[in-house]
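Residue numbers begin at 1 in each chain, while the letters A, B, ... track the order of the sequences.
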There are 2 protein chains.
Amino acid sequence: MKWSELSDNWCPVARTLSVVGDRWTLLILRDCYLGKSKFEEFAASSGMTRHILAERLKRLVEEGVLERRLYSEAPKRYDYVLTEKGEELRPALRVMKDWGKKHMPVRREAKT
Amino acid sequence: MKWSELSDNWCPVARTLSVVGDRWTLLILRDCYLGKSKFEEFAASSGMTRHILAERLKRLVEEGVLERRLYSEAPKRYDYVLTEKGEELRPALRVMKDWGKKHMPVRREAKT
DNA sequence: GTCATAAGTTCCAAAACAAAACGTAGGGGC
DNA sequence: GCCCCTACGTTTTGTTTTGGAACTTATGAC
């Protein structure tokens, strides 16, 4: 089964995962919940490549989870802010945060 | 950044995602929460290939989210049941279920 | 004019994935 | 005894996605 076919699955969990169920997308959302909004902020914080980041942002905007917003006229600069739809996933990330704290201790020092 | 490097990230969300943050793993958990436990049940329900399913189950067992259980001596047959650790992710899936119901309507008939 | 900033895009090799066949260890019918 | 069935995987082959790094575009600062 292909990723895209998931969006019409009978199961609402599967449909949700068709939007946010990959490696990096939820890390972008985490950054949004932490107040980040700019391309360079996401890139620096998450460690994902710019290539993938651009694609995921595009997808999140298409799905209405984020909104691409012009924040500077000259030079033209865009950032990304959560929509109400995007905000409503926050509780899922909170569960993952608590679960990680409890069950996934850090074994050595992180770099980021 | 590689997938595996995420497991020692400073962020607990990232560490959680190093275990459950891929395309199919959360669908396996969904099936577990629905009472499924057998390899063939997961394969039929989720639509993922047996190849990937086997790998994800192995990983979930290694991480202590599922437990591989001998349920038949002859022939030897194993299935997979949630541990307490695995149970504690259920609330995250519940959020995704509600979000999917609200924000991701089915556009055409599903096949599964 | 030259350097810096910010949001991307392009290129190529490496890794992950999909699909389908195959393996293994028994059980059941005849 | 022989053949097909069930169930948990593994192997193989070709395609798709990803990772890493360089490049682009538009503008402001010096």
> Rounded to the nearest 0.5 Å, how far does CH2 of W24(A) lie from CG of L57(A)?
Replying inline: 13.5 Å
> Between atom CG of L34(A) and atom OG of S45(A), what is the distance when rounded to the nearest 0.5 Å?
Replying inline: 7.0 Å
>> Below 4.0 angstrom, which residues in residues 62-73 of chain A have at least one non-hydrogen atom near DNA chain D?
In response: none
> Does anything in residues 16-36 of chain B pair up under salt bridge (Lys or Arg N to Asp or Glu O under 4.0 Å), and if so which pairs, sequence neighbours excluded?
Replying inline: D22(B)-R56(B)
> Of P75(A) and P75(B), whose closest DNA chain D nucleotide lies nearer the 5' terminus?
Replying inline: P75(B)
>> Does dA25(C) have OP1 or OP2 under 4.0 Å away from a side-chain N or O of Y78(B)?
In response: no
>> If you take any heavy atom closer than 4.0 Å to DNA chain C, which residues from residues 29-39 of chain B end up in contact?
In response: none
> Please give, in whole Å, the distance from dG9(D) P to K76(B) NZ?
Replying inline: 13 Å
> Can you tell me how far P of dT10(D) sits from CG of L53(B), to the nearest Å?
Replying inline: 11 Å
>> Test of understanding: with side chain to side chain contact (heavy atoms under 4.5 Å, CB included), list the residues that count as partners of Y78(A), not counting sequence neighbours.
In response: R68(A), L70(A), K76(A)
Pick out the pairs of N or O atoms, protein on one side and nucleotides 17-24 of chain C on the other, that lie under 3.5 Å.
| unit_1 | atom_1 | unit_2 | atom_2 | d |
| --- | --- | --- | --- | --- |
| dC17(C) | OP1 | R56(B) | NH2 | 2.9 |
| dC17(C) | OP2 | R56(B) | NH2 | 3.2 |
| dA18(C) | OP1 | M1(A) | O | 3.2 |
| dA19(C) | OP2 | M1(A) | N | 2.8 |

>> What is the distance, to the nearest angstrom, from the CG atom on L57(B) to the C1' atom on dT10(D)?
In response: 14 Å
> What's the spacing between E67(B) CD and S37(B) OG if we round to 0.5 Å?
Replying inline: 12.0 Å
>> Could you check whether any side-chain heavy atom of L29(B) comes within less than 4.5 Å of a side-chain heavy atom of V65(B), counting everything from C-beta outward?
In response: yes
> Do D79(B) and K38(B) sit within salt-bridge range, that is, some charged N less than 4.0 Å from a carboxylate O?
Replying inline: no
> Say you draw a straight line from CZ of R15(B) to NE2 of H103(A); how long is it, rounded to the nearest 0.5 Å?
Replying inline: 12.0 Å
> For the atom pair CG (N9(B)) and OG (S18(B)), what is the distance rounded to the nearest 0.5 Å?
Replying inline: 9.0 Å
> Can you tell me how far P of dT25(D) sits from CD of E40(A), to the nearest Å?
Replying inline: 17 Å
> Of all the choices, dG8(C), dA7(C), dT27(D), which nucleotide is nearest to the side chain of Y80(A) once you look at every atom?
Replying inline: dG8(C)
>> For a 4.5 angstrom cut-off between non-hydrogen side-chain atoms, does I28(A) reach L53(A)?
In response: yes
> According to the side-chain hydrogen bond (donor to acceptor under 3.5 Å, both in side chains) rule, which pairs have a member within residues 90-99 of chain A, sequence neighbours left out?
Replying inline: E87(A)-R90(A)
